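Read the structure below first, then the notes.
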Amino acid sequence: MKPNIIDIVQSQVIASIKEEKDLDKAIQSNANIVFILTGNLITMNGYLKKLKDAGKTTFIHIDFIDGLSNTKSAIKYIAEIWKPAGIITTRSNLIKYAKEEGLMTIQRLFLIDRNALEKGIDISHNCKPDAIEVLPGLMPSVIDKLTTMTTLPIIAGGLISNKQDILNGLSAGALAISSGDPKLWNLDF
């Protein structure tokens with residue numbers, strides 16, 4: 001049985017790796033969940049092995065992996081060969097494919113205006129990801145509104161630069177905060 005994303009969150013700060021040089025920092029961090037936003041078909045298996053060996057739960061942001069196509073067969077490859085806990089994507093059709101393969105899924109939404117917010121929630125309700133990641137994460141009032149619009153767990157990310165940004169997002173109802181800043185990966189709440 002696939003785990004519930006709420007149950008796997010131990011540290012409410014998620015390490016979001018944007019560069020290979022931060023891989024070891026994520027391994028040494030308190031973050032138990034790692035979002036991988038870098039790599040390619042050759043490097044990914046090694047990244048995942050190192051992170052899994054360190055006890056990290058991994059999600060691959062498939063929109064950022066070089067050489068990976070946005071197809072059902074790519075999702076099948078990820079599930080059968082790489083075996084992360086799940087994927088992150090902006091594409092709802094890939095959420096569907098990943099769920100069919102038993103992967104957890106996170107729908108990434110860019111909230112640029114009210115229309116993007118409403119359309120993003122509609123799309124998420126249709127494809128039913130395990131969680132929604134909203135960017136930018138510096139919008140506590142929008143996070144609060146989202147928690148009334150959906151029962152899906154909310155992860156806030158993007159432009160998070162200090163402990164107060166994290167506290168504001170969590171106070172507004174976010175399950176966790178993703179950050180690409182290694183200095184924030186060891187904060188515990």
Side-chain angles (χ1 to χ4, degrees), residues 2 5 8 13-23 26 31 33-48 50-52 56-113 115-139 142 146 150 152-160 174-182 185:
K2 186 172 75 165
I5 197 160
I8 65 170
V13 177
I14 297 170
S16 188
I17 300 173
K18 297 177 184 174
E19 298 180 47
E20 182 180 10
K21 69 178 181 62
D22 291 330
L23 187 67
I33 299 174
V34 177
F35 289 175
I36 305 171
L37 283 72
T38 188
N40 58 51
L41 295 176
I42 296 167
T43 60
M44 186 56 63
N45 209 36
Y47 294 173
L48 288 165
K50 284 180 82 170
L51 290 162
K52 287 178 189 177
K56 305 297 182 180
T57 300
T58 55
F59 287 79
I60 299 172
H61 195 314
I62 60 175
D63 302 347
F64 291 120
I65 306 306
D66 188 38
L68 202 59
S69 65
N70 297 316
T71 63
K72 188 173 188 172
S73 61
I75 298 295
K76 189 170 185 65
Y77 179 87
I78 290 168
E80 292 180 9
I81 306 300
W82 289 343
K83 300 178 180 156
I87 62 142
I88 306 160
T89 184
T90 57
R91 295 173 173 89
S92 57
N93 65 314
L94 298 181
I95 296 283
K96 177 183 171 258
Y97 299 151
K99 290 175 78 69
E100 290 171 1
E101 293 297 329
L103 294 170
M104 283 192 283
T105 57
I106 299 173
Q107 175 88 43
R108 187 178 246 200
L109 302 176
F110 293 97
L111 303 180
I112 56 172
D113 59 20
N115 187 43
L117 176 114
E118 291 170 2
K119 184 174 172 120
I121 291 298
D122 286 344
I123 289 169
S124 295
H125 284 161
N126 286 330
C127 68
K128 297 180 179 29
D130 294 286
I132 299 170
E133 182 184 30
V134 297
L135 286 89
L138 295 175
M139 305 177 299
V142 175
L146 276 170
T150 185
L152 294 168
I154 306 293
I155 298 168
L159 301 176
I160 304 295
L175 169 66
I177 307 296
S178 65
S179 173
D181 185 348
W185 295 347

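Everything numeric in this text was worked out from a predicted model, so none of it was measured. In what follows, every heavy atom counts, from backbone to side chain, and hydrogens, waters and symmetry copies are set aside.
The distance from the CD1 atom of Ile62 to the CD1 atom of Ile78 is 5.0 Å, given to the nearest 0.5 Å. Atom OG1 of Thr58 sits about 10.5 Å away from atom CZ of Phe35, to the nearest 0.5 Å. A distance of 6.0 Å separates CG in Leu94 from CD1 in Ile87, rounded to the nearest 0.5 Å. Here OG1 of Thr150 is found 5.0 Å from CD1 of Ile121. Values are rounded to the nearest 0.5 Å. One finds the CG atom of Leu23 at 4.5 Å from the CD1 atom of Ile17 (value rounded to the nearest 0.5 Å). With rounding to the nearest 0.5 angstrom, the CD1 atom of Ile132 is 11.5 Å from the CG atom of Leu175.
Here the closest heavy-atom approach between residue Ala31 and residue Ala15 is recorded as CB-N, 3.7 Å. Listed here is the closest heavy atom pair of Thr105 and Ala98: CG2-CB, 3.6 Å. For the residue pair Leu68 and Ala74, the shortest heavy atom distance occurs at CD1-CB, 4.1 Å. The shortest heavy-atom contact between Leu103 and Pro84 is CD2-O, 3.4 Å. Closest heavy-atom contact between Thr43 and Gly39: OG1-CA, 3.4 Å. Nearest heavy atom pair, residue Ala176 against residue Ile14, reads CB-CD1, 3.7 Å.
Taking 4.5 Å as the limit, some side-chain heavy atom of Leu111 sits within range of a side-chain heavy atom of Leu146. The side-chain heavy atoms of Val142 and Leu117, taken from C-beta on, include a pair separated by under 4.5 Å. Using a 4.5 Å cut-off on side-chain heavy atoms (C-beta onward), Phe59 and Ile155 make no contact. Contact annotation: the side chain of Ile36 approaches that of Leu51 to within less than 4.5 Å [non-hydrogen atoms, C-beta and beyond]. With contacts defined as side-chain heavy-atom distances shorter than 4.5 Å, the pair Lys72/Tyr97 qualifies.
A donor-acceptor pair under 3.5 Å is absent between the side-chain atoms of Lys128 and the main chain of Lys99, judged by distance alone. Formation of a donor-acceptor pair under 3.5 Å by the Gln107 side chain with backbone atoms of Thr90 is found in this model. Of the possible polar contacts, one joining the Lys52 side chain to the Lys83 backbone as a donor-acceptor pair under 3.5 Å is found. Of the possible polar contacts, none joining the Asp130 side chain to the Ile106 backbone as a donor-acceptor pair under 3.5 Å is found. In this structure, the side chain of Lys76 does not engage the main chain of Glu101 through any donor-acceptor pair within 3.5 Å. Distance alone, capped at 3.5 Å, is enough to place a donor-acceptor pair between the Trp185 side chain and the Ser179 backbone. With Asn70 contributing its side chain and Arg91 its backbone, the two residues share no donor-acceptor pair below 3.5 Å.
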Next on the checklist: Would Ile8 and Met104 count as a side chain to side chain contact (heavy atoms under 4.5 Å, CB included) here? Give the steps.
Outcome noted: CA-CA 11 Å; Ile8 65 170; Met104 283 192 283; 3.5 Å; yes
Checklist entry - Trp82 and Leu41: side chain to side chain contact (heavy atoms under 4.5 Å, CB included), yes or no, with the steps? => result CA-CA 10 Å; Trp82 289 343; Leu41 295 176; 3.8 Å; yes
Item to check | Full working for side chain to side chain donor-acceptor pair (under 3.5 Å) between Glu133 and Ser178 | outcome: CA-CA 8 Å; Glu133 182 184 30; Ser178 65; 2.5 Å; yes
Next on the checklist: Leu109 vs Ser124, test: side chain to side chain contact (heavy atoms under 4.5 Å, CB included). Steps then yes/no.
Outcome noted: CA-CA 9 Å; Leu109 302 176; Ser124 295; 4.0 Å; yes
Checklist entry - Val13 and Ile160: side chain to side chain contact (heavy atoms under 4.5 Å, CB included), yes or no, with the steps? => result CA-CA 11 Å; Val13 177; Ile160 304 295; over 6 Å; no
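Annotation: Glu118, atom CD; neighbour count of heavy atoms from other residues, nucleotides and ligands within 6.0 Å is above 12. Other residues, nucleotides and ligands place no more than 12 heavy atoms under 6.0 Å from the CD1 atom of Ile42.
Listed by chain and number, the residues in a side chain to side chain donor-acceptor pair (under 3.5 Å) with Thr38 amount to none (sequence neighbours excluded).
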